[in-house]
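Scroll down for the structure; my scribbles are underneath it.
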Amino acid sequence: YWMGFLHRLTGGRTADAIEHCRVASRIADAGGLDDVYAYSESCLCQVLATAGELREAIDSGKRALGIFEAARNAWWSCRTLWHLASAALYLGQWQESIAYCQRALEHGRAVADSRLMAVAWLRLGAAHVHRGEWETGVLYCNEAARLTHTDFDAAMLRVNRGYGLVR
């Protein structure tokens with residue numbers, strides 16, 4: 001699954017990335033390796049979403065999320081919820097995207113992790129901006145800014161907040 005994730009991240013062919021993740025999922029499922037299966041399905045969710053296979057992305061994300069939440073794995077639950085939120089956003093499923101973001105925020109709060117909360121606020125802001133609720137979206141982006149510590153998150157924040165301000 002890491003080959004699939006990294007393949008997509010570094011500009012490799014999308015079809016290859018998807019296949020790597022699917023093979024990893026099949027092997028992990030056949031071997032009863034629930035944690036590896038969940039990681040594979042989460043990475044598959046992300047790769048499928050970037051490939052535009054949004055409904056499939058949501059299906060794989062939901063499979064992963066059930067396992068991560070049962071194991072109380074907040075970090076991977078949040079990561080998977082972020083991918084689910086993006087796929088729902090791309091489908092125009094505003095309420096679902098917002099619900100995934102709120103759920104990620106709850107996980108972040110439960111473990112008092114400022115990065116998990118910052119990214120949840122950022123994605124929540126993005127969902128509201130894309131939905132047309134610009135003021136709310138910008139407010140949520142401002143909340144994310146208060147918690148953001150990484151350059152990547154700060155850049156994503158500027159993009160989403162800027163889009164909301166322009167709108």
Side-chain angles (χ1 to χ4, degrees), residues 1-108 110-111 113-127 129-130 144 148-157 159-160:
Y1 68 89
W2 275 117
M3 280 180 50
F5 171 75
L6 293 173
H7 206 76
R8 184 67 192 133
L9 187 67
T10 59
R13 287 178 11 106
T14 303
D16 292 341
I18 292 169
E19 185 59 20
H20 288 312
C21 290
R22 285 186 173 148
V23 167
S25 288
R26 285 194 299 269
I27 292 169
D29 190 36
L33 305 169
D34 290 342
D35 56 340
V36 176
Y37 176 74
Y39 297 135
S40 301
E41 289 293 306
S42 181
C43 288
L44 181 60
C45 176
Q46 181 178 19
V47 172
L48 287 169
T50 62
E53 301 292 334
L54 304 172
R55 295 190 197 297
E56 278 188 72
I58 289 173
D59 291 342
S60 63
K62 286 180 178 179
R63 289 190 293 270
L65 184 61
I67 295 168
F68 291 135
E69 287 185 332
R72 296 187 179 179
N73 185 331
W75 201 91
W76 275 90
S77 291
C78 286
R79 183 177 178 81
T80 304
L81 284 161
W82 301 336
H83 304 322
L84 285 164
S86 293
L89 181 71
Y90 303 152
L91 285 167
Q93 297 175 345
W94 316 121
Q95 287 301 101
E96 291 84 350
S97 182
I98 289 168
Y100 289 134
C101 294
Q102 289 170 332
R103 200 159 152 188
L105 184 58
E106 290 171 17
H107 285 294
V111 294
D113 187 306
S114 62
R115 176 147 198 273
L116 296 181
M117 290 185 286
V119 176
W121 280 115
L122 164 66
R123 289 179 180 259
L124 191 55
V129 166
H130 286 280
T148 298
H149 303 292
T150 71
D151 291 339
F152 177 81
D153 293 342
M156 294 304 296
L157 176 62
V159 167
N160 285 293

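Since the model is a prediction, treat every value here as computed from it, not as a measurement.
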CZ of F68 to SG of C78, rounded to nearest 0.5 Å, is 11.5 Å
According to side-chain hydrogen bond (donor to acceptor under 3.5 Å, both in side chains), who are the partners of [X], at least two apart in sequence or on a separate chain?
| X | answer |
| --- | --- |
| D113 | none |
| R55 | none |
| Q93 | none |
| E56 | R22 |

Can you give me every donor-acceptor pair (side chain of residues 81-89, partner residue at least two apart or in another chain, under 3.5 Å) with its distance?
{"residue": "H83", "atom": "NE2", "partner": "R79", "partner atom": "O", "Å": "3.4"}
{"residue": "S86", "atom": "OG", "partner": "W82", "partner atom": "O", "Å": "3.2"}
{"residue": "S86", "atom": "OG", "partner": "R123", "partner atom": "NH1", "Å": "2.7"}

All N/O donor-acceptor pairs, side-chain side in residues 38-48, below 3.5 Å, sequence neighbours left out:
{"residue": "S40", "atom": "OG", "partner": "V36", "partner atom": "O", "Å": "2.9"}
{"residue": "E41", "atom": "OE1", "partner": "R63", "partner atom": "NE", "Å": "2.9"}
{"residue": "E41", "atom": "OE1", "partner": "R63", "partner atom": "NH2", "Å": "2.7"}
{"residue": "E41", "atom": "OE2", "partner": "S25", "partner atom": "OG", "Å": "2.6"}
{"residue": "S42", "atom": "OG", "partner": "T80", "partner atom": "OG1", "Å": "2.8"}

Applying side-chain contact (heavy atoms from CB on, under 4.5 Å), can you list everything that pairs with T50, at least two apart in sequence or on another chain? R8
The side-chain contact (heavy atoms from CB on, under 4.5 Å) partners of A154 (sequence neighbours excluded) come to T148, R158
Show the numbers, then the answer: is there a side chain to side chain contact (heavy atoms under 4.5 Å, CB included) between L122 and N160? CA-CA 8 Å; L122 164 66; N160 285 293; 3.5 Å; yes
Check salt bridge (Lys or Arg N to Asp or Glu O under 4.0 Å) between E106 and all other residues, then give those that pass, not counting sequence neighbours. none
Residue set satisfying salt bridge (Lys or Arg N to Asp or Glu O under 4.0 Å) with D16, at least two apart, ordered chain then number -> R13
Qualifying side chain to side chain donor-acceptor pair (under 3.5 Å) pairs, either residue in residues 65-77, two or more places apart: E69-R103, E69-H107
Start with the C-alpha distance between R26 and V23, add both sets of side-chain angles, then the distance that settles side chain to side chain contact (heavy atoms under 4.5 Å, CB included), and finish with yes or no. CA-CA 5 Å; R26 285 194 299 269; V23 167; 3.2 Å; yes
Can you pull out every salt bridge (charged side-chain N to carboxylate O under 4.0 Å, His left out) where at least one residue sits in residues 82-91? Sequence neighbours excluded, please. none
